[in-house]
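See below for the structure under consideration.
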Amino acid sequence: MRPAAFEYHRAASIEEALSLLAEFGEDGRPIAGGQSLVPMMNLRLARPEHLVDINSLELDKIERTGDTLSLGALVRHERYFNEPLIAEHFPAFLDAAHWIGHPTIRRHGSLGGSISHADPSAELPCVCVLHDATIVARSVNGERRIPASEFFISAYVTALEPGEMVVAVELPIPQRKQHGAFIEIAERMGDFAVIGIGAVLELDGDTVLDARIACAGAELTPVRAASAEQFLKGRQLTEEVAQEAGQLFAQSVDPVNDYRSSAEYRRHLIVQLTSRTLMRAMKSKA
Amino acid sequence: MTQTTLTVNGQTRTLEVEPRRLLADIIRTEFDVSGVHIGCAHGVCGCCTVHIDGIPRLSCLTFAVQCDGKEINTVESLGGFDATHVLQQAFKSEHGLQCGYCTPGFLMTLAPYVEKKVANGEMPSDEEIREAISGNICRCTGYHGIVAAVRKAISNQLEGQQA
Amino acid sequence: MKAENPRQIGARVQRFEDVRLLSGVARYIDDIRLPNCLHLTFARSQMAHGRILDVDTSALEDIGYPTWVFTGKDIGDLSMKAHQDVPEMQYSEQPLLARDVVRFVGEPVAAVLAEDPYLSEDAAEMVFIDCDPLPVVGTMDQARDPSIPPIHDGWKSNVFIERQMKGGDLEAARANAAYVVRRTFRNQRQTGVPMECRGVVAQYSPGDRMLTVWSSTQMPHLVRTYISEELDLPESRIRVIAPEVGGGFGVKGQVFGEEVLVAWLAMKTQRPVKWIEDRRENLIASIHARDHAHTLEAYVSKEGRLLGLWADISVDVGAYSTFPFTAAGDPGMAAKVMPGPYDFQAYEATFRALASNKCPLGTYRGVARPSAVFSQERLMDEIAKEIGMDPIEFRLKNIIREFPYKNVLGFTYDPGSYAESLEKIREILADDIAAARETRHSKEKRIGVGLACFIEQTAHGTPDFTRRRVPIETGYIAARVEMQPDGTVVIGLGLQSHGQGLETTMAQVAADALGIDPKDVFVRHGDTLTSPYSVGTWGSRGGPLGGGAVHLASLKIADKLKAIAAHQLQSNKDQISLGGGKAYITDDPSRYIPIRTLARQALRNVENLPEGMIPGLEAEYSLDGPRDGTYSNAVHAAVVEIDVPTGKLKLKRFVVVEDCGTIINPLVVDGQVRGGVVQGIGSALFEHMIYDEQCQPLTTSFADYLMPLAPELPNIEVHHIETPTPLNPIGAKGLGEGGAIGPAPAIANAVSDALGVEVNETPLTLNAIWRLSAHIRGEAS
């Protein structure tokens with residue numbers, strides 16, 4: 001369990017990184033924290049011929065530009081906890097961060113790394129889909145801005161082209177105060193979710209003005225709950241309504257069935273966790 | 001081969017390193033340090049935790065070439081041959097180890113944690129301590145003695161500050 | 001003046017081995033580095049069952065660096081053989097490298113050596129194994145299906161062995177029963193997962209014709225014997241060293257083909273050879289455990305007395321029989337221990353070992369007892385429910401109270417505290433039982449309390465192995481105690497310590513017998529050159545047999561010290577006591593001689609010895625276990641809280657009341673119990689080695705094979721009752737495995753209590769608990 005041979009390149013600038021990635025195409029991979037890529041390499045499930053180390057690039061900024069919060073690809077997970085802009089505008093994101101891996105992984109794992117790895121049960125891809133994030137990818141050919149809903153194509157497959165890498169994730173800052181929560185169920189703390197649900201609510205009292213719900217672990221990519229979101233609009237959020245929203249969401253997905261969890265169980269969890277997450281989001285108002 | 005300068009437990013050497021060599025392997029073979037253990041080589045068990053510029057990191061998920069110019073510390077640097085570090089002593093008195101294989105990883109994960117808690121004057125709950133070690137697997141102790149050792153190392157120092 | 005003689009046995013002595021483990025200087029197998037060493041990587045079968053057409057190594061010819069490659073054709077008939085010498089047994093033989101057929105995923109097919117482990121791994125990838133698939137045997141039903149061809153040539157079926165055990169009149173029990181309760185139970189396949197994988201280093205030195213083998217093993221002498229027999233070398237020319245061993249748990253308590261092969265390769269290549277198992281190999285191909293299916297039928301009187309028990313036991317033991325406990329080990333053990341701590345005198349068991357295209361099964365902490373006790377203790381709860389009795393009351397009604405007790409199979413139980421343990425746990429859990437009752441009708445949160453009461457046969461002696469007719473053959477443990485001229489002591493111990501703290505506990509035992517400080521006792525173990533022949537550390541025998549042997553050998557030296565002291569103090573040796581580093585007149589401690597002085601006289605200034613006394617202070621003792629062993633007992637209890645809508649289980653409390661006789665060191669005993677319990681919790685909730693229909697293993701990394709992590713666990717509460725056994729010189733019973741035996745049944749009983757359903761299978765994963773609570777949600781289950 002040691003990696004196959006590769007060539008190592010430390011990029012001093014984004015331009016250099018992109019030109020190296022362009023040169024290597026399919027055979028090149030950027031490496032940041034390495035928390036997802038290196039295990040795959042050690043198991044020889046991934047064998048890039050060139051690694052482009054992007055750790056020294058200045059891609060670790062969290063900044064607000066107008067109505068957008070931009071997070072650099074190299075922002076490490078543990079920073080989400082100390083970022084007032086996330087706490088204020090993206091409570092579901094903050095809530096989700098608690099479920100990511102273990103302390104050492106949170107310290108080194110990066111936002112760009114997690115979403116490029118695109119594990120179907122990971123928290124951050126789900127958060128991106130939940131918040132209608134835009135994934136900013138760059139290559140020597142320029143920048144592409146990809147909506148999260150189009151970025152995740154399948155399990156471990158993204159819209160990134162060879163030579164392209166994620167440089168930032170942009171989250172639209174909501175106009176009005178939003179309430180959010182994220183809950184997941186995993187066999188053990190820190191494991192990838194069997195099901196994880198994120199919810200964002202805009203409320204007037206108990207009445208839902210706008211709702212967004214997304215799920216990790218059900219399908220090969222994070223999924224949104226269009227019908228449940230629509231259903232919630234204008235309704236007073238009660239336990240019953242939340243349950244019903246969960247039912248609607250569960251009916252709209254086609255959960256995977258694997259040796260760990262059956263599709264029925266996943267579907268059931270979607271109902272329960274959607275309902276709980278909505279109630280948790282609402283209670284966070286207090 | 002990539003020229004790489006590493007400082008391991010204060011010893012600086014410049015080596016020609018093949019990029020794919022894991023930091024854990026280079027520390028073990030080139031610096032003859034035995035306190036870095038490889039338990040899974042895929043980033044789950046925490047046995048190989050070392051400090052890079054003071055921060056815990058899994059040396060099985062790190063390539064040595066990535067550490068050019070960095071300071072790396074292993075368990076050997078904590079309390080020397082006599083294991084004098086307060087956490088090592090607490091592991092001993094609370095039976096926080098049996099076979100010892102995972103122990104360096106736990107110590108390197110926990111040493112900065114204990115230091116931070118003591119600096120903040122906080123006594124974490126058992127639940128918090130258990131979360132702090134959720135990236136380390138121990139197969140012998142059932143974690144009981146490890147949690148007790150962390151409690152003891154922190155409380156001893158907090159009491160020492162008050163005295 | 002009274003000489004100080006604090007008793008070391010029973011003292012909470014901090015471990016002497018800890019400093020080197022904490023400081024990082026301890027040397028494990030991968031720290032054995034020899035110049036000019038070749039590194040071995042195996043090319044292993046990726047197919048579960050197939051006929052080998054070709055092992056193509058031609059790609060290595062122009063790889064650009066030196067490699068050495070060996071396949072099944074190159075190694076003659078070297079193999080692992082592990083036969084139970086009974087007529088029913090069908091023999092299997094595993095070539096060290098597969099020759100004609102591969103029988104499980106992970107079976108070694110080619111050995112590839114290079115001068116660097118990265119390079120040997122690259123090279124091993126280039127070996128192409130061409131196989132013609134054969135039908136796989138993947139389930140117990142398939143193994144018993146006569147239409148599926150046997151996986152070994154010349155076999156009549158896929159049953160390694162099927163036998164019976166019986167005692168008493170089961171027909172009468174059946175006839176007199178007011179209740180007949182029948183249930184089927186299933187425990188999953190697991191593996192033991194020491195944090196250090198296995199590894200072997202071997203070096204042959206032609207000068208003195210000495211083969212030295214380092215192996216991460218629990219049984220260095222047995223490794224030596226097997227290598228000697230297989231490679232036809234004198235045992236006197238083989239030295240096996242177990243360096244620091246990073247956990248074993250029984251997994252490293254067998255002799256493995258790699259140990260023999262690495263030794264052979266070192267001789268063949270005339271260079272040191274090193275093999276370090278990687279985690280994937282460890283999970284799929286080291287050794288597996290459990291995988292039991294039991295059907296039990298209990299016959300119970302109107303008054304709630306157990307009259308008899310019928311059992312049918314199947315174990316999927318994988319593709320090959322393992323050395324030295326064989327394919328018959330697990331099923332035989334399950335059948336033997338099934339009667340447990342209860343008083344009844346009619347029993348009949350049929351037990352069988354079934355072959356499959358999976359990794360061979362071997363010993364792992366508890367060996368069959370976790371499964372046997374699971375079935376036994378689940379059944380006790382089911383019977384209690386059926387006859388309307390409280391489960392603890394029902395157990396108390398049937399528990400053995402008088403000792404020695406001869407059980408239905410003729411095994412004699414030495415004194416224990418079975419009833420007291422149950423009473424004690426009932427007292428400890430009173431509030432939890434009440435709290436659980438409160439949640440009985442909740443559709444949200446349920447609390448449940450469950451317990452498992454069990455005994456564990458430990459430290460069994462040679463007759464037990466003779467009866468089994470398996471190649472382990474014997475059960476004694478030897479210790480050689482040598483006092484040095486300065487009064488310090490070296491013990492050569494036939495056990496091998498891999499976390500149990502034997503360097504401390506054995507020193508405590510010796511210190512008591514010799515009247516010295518345990519810090520002055522240095523325990524050497526794990527090296528066949530410095531330790532007397534013994535079968536190693538397994539079977540919960542280190543404390544009682546190692547401790548007993550050290551005690552008895554030390555007494556021989558104590559006796560000699562007393563004789564020298566008596567001579568010089570002009571007293572009688574019966575009047576001399578040892579303590580506080582002195583030999584003194586018992587009635588007048590002011591008259592003494594330091595033991596250090598006596599030691600110097602015995603070894604150097606021998607002119608001061610009594611006339612005719614032979615110089616030297618060395619004694620050896622080999623202590624065999626009692627015929628039927630000595631029986632530890634324990635009750636484990638779990639309190640669980642279940643979030644019904646999601647199936648999430650929280651272990652709120654885990655309590656152990658245990659009795660292992662004399663406690664040598666409470667720190668170590670508690671550690672062994674707690675560590676065992678958490679492994680048992682792993683069996684109950686998380687750990688599952690899963691294969692698909694083609695016998696491809698699915699849980700091949702730590703992302704899939706889930707072990708307990710700290711956040712999932714409560715603090716484990718341990719209470720002791722001490723009933724020293726008369727069968728052991730220091731009163732100790734074994735305890736290393738017991739912790740792992742009780743958790744699965746205790747937790748399953750707690751889940752059953754919480755949800756009001758039968759819980760007949762493990763692991764109790766999220767999905768499993770959710771399925772078990774269907775009736776609460778109003779769904780058909």
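Just so you know, these numbers use all the heavy atoms, side chains as well, and skip hydrogens, waters and symmetry mates. Per chain, numbering begins at 1; letters A, B, ... match sequence-line order.
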When you compare the side chain of F91(B) with that of D18(C), does any pair of heavy atoms fall below 4.5 Å?
no
Within the supplied structure, the quantity of interest is the number of heavy atoms (other residues, nucleotides, ligands) at a distance under 6.0 Å from E115(C) CD; does it exceed 12?
yes
So do R28(B) and D30(C) actually touch side chain to side chain, heavy atoms under 4.5 Å?
yes
With heavy-atom distances below 4.5 Å as the criterion, would you say the side chains of H37(B) and E196(C) are in contact?
no
Contact origin within N282(C) toward chain B - heavy atom pairs under 4.5 Å
neither
Residue that, paired with Q98(B), satisfies side-chain hydrogen bond (donor to acceptor under 3.5 Å, both in side chains) out of E17(C), Q672(C), Q500(C)
Q672(C)
Heavy-atom distance under 4.5 Å to chain C: side chain of C47(B), backbone, both or neither?
side chain
Specify the closest pair of heavy atoms between C99(B) and V245(C), including all atoms of both residues, with the distance to one decimal.
CB-O, 3.7 Å
NZ of K70(B): more than 12 outside heavy atoms within 6.0 angstrom?
no
Determine yes or no for a side-chain-to-main-chain donor-acceptor pair under 3.5 angstrom, with Y28(C) supplying the side chain and G100(B) the backbone.
yes
Proximal component of V677(C), with respect to chain B [non-hydrogen, under 4.5 Å]:
neither
For the atom pair CD1 (I137(B)) and CE (M195(C)), what is the distance rounded to the nearest 0.5 Å?
5.0 Å
Ranking G499(C), P708(C), G501(C), G676(C) by heavy-atom pairs under 4.5 Å to chain B gives rank one to G499(C)
So what's closer than 4.5 Å to chain C heavy atoms on E127(B): side chain, backbone, both or neither?
neither
Closest approach of Y101(B) to G246(C) (non-hydrogen atoms, all atoms of both residues)
CB-CA, 3.9 Å
Would you call R20(C) and D82(B) a salt bridge, taking side-chain N to carboxylate O under 4.0 Å as the test?
no
Return the OG1 to CG distance between T29(B) and D31(C), rounded to the nearest 0.5 Å.
11.5 Å
Would you find more than 12 non-hydrogen atoms of other residues, nucleotides or ligands less than 6.0 Å from Y65(C) atom OH?
yes
Under 4.5 Å to a heavy atom of chain B? For R12(C) that would be side chain
Quick one: what part of D116(C) sits under 4.5 Å from any heavy atom of chain B, side chain, backbone, both or neither?
side chain
Need one label for P714(C): side chain, backbone, both or neither, based on atoms under 4.5 Å from any heavy atom in chain B.
backbone
First locate atom CE of M707(C), then atom SG of C45(B), and finally report the distance between them rounded to the nearest 0.5 Å.
8.0 Å
Counting heavy-atom pairs under 4.5 Å with chain B, which one of S23(C), G739(C), G675(C) comes out on top?
S23(C)
Lys/Arg cation over aromatic Y118(C): R20(B), 6.0 Å, 45° cone
no
Those residues of residues 32-39 of chain C, ordered by number, that approach chain B below 4.5 Å (heavy atom to heavy atom):
R33(C)
Can you measure from CD (E18(B)) to CG (L119(C)) and round to the nearest 0.5 angstrom?
7.0 Å
Between R280(C), Q679(C), H498(C), which residue shows the highest count of heavy-atom pairs closer than 4.5 Å to chain B?
Q679(C)
Output the option from E712(C), E687(C), E244(C) having the highest count of non-hydrogen pairs under 4.5 Å with chain B.
E687(C)
Taking all non-hydrogen atoms of both residues, which atom of N715(C) and which atom of R130(B) are closest, and how far apart?
OD1-NH2, 2.8 Å
Specify the closest pair of heavy atoms between L709(C) and N136(B), including all atoms of both residues, with the distance to one decimal.
CD2-O, 4.2 Å
Whatever's closer than 4.5 Å to a heavy atom in chain C on L97(B) counts as both
R27(C) to D32(B) - nearest heavy-atom pair and separation
NH1-OD1, 3.7 Å
Relative to chain B, which segment of F702(C) carries a heavy atom at a distance below 4.5 Å: side chain, backbone, both, or neither?
both
Please classify the contact between T103(B) and chain C as side chain, backbone, both or neither, with a heavy-atom cut-off of under 4.5 Å.
side chain
May I ask you to name which of S93(B), G145(B), G96(B) has the most heavy-atom pairs under 4.5 Å with chain C?
S93(B)
Under a 4.5 Å cutoff for heavy-atom pairs, which residue among E131(B), E76(B), E94(B), H42(B) has the most contacts with chain C?
H42(B)
For L667(C) against H95(B), the heavy-atom pair lying closest together
O-CD2, 3.0 Å
Spacing of OH belonging to Y705(C) relative to SG belonging to C40(B), to within rounding of 0.5 Å
15.0 Å
Checking H85(B), K92(B), Q89(B) against L22(C) for side-chain contact (heavy atoms from CB on, under 4.5 Å), the one that qualifies is K92(B)
If I take atom CZ from residue F249(C) and atom SG from residue C140(B), how far apart are they, to the nearest 0.5 angstrom?
3.5 Å
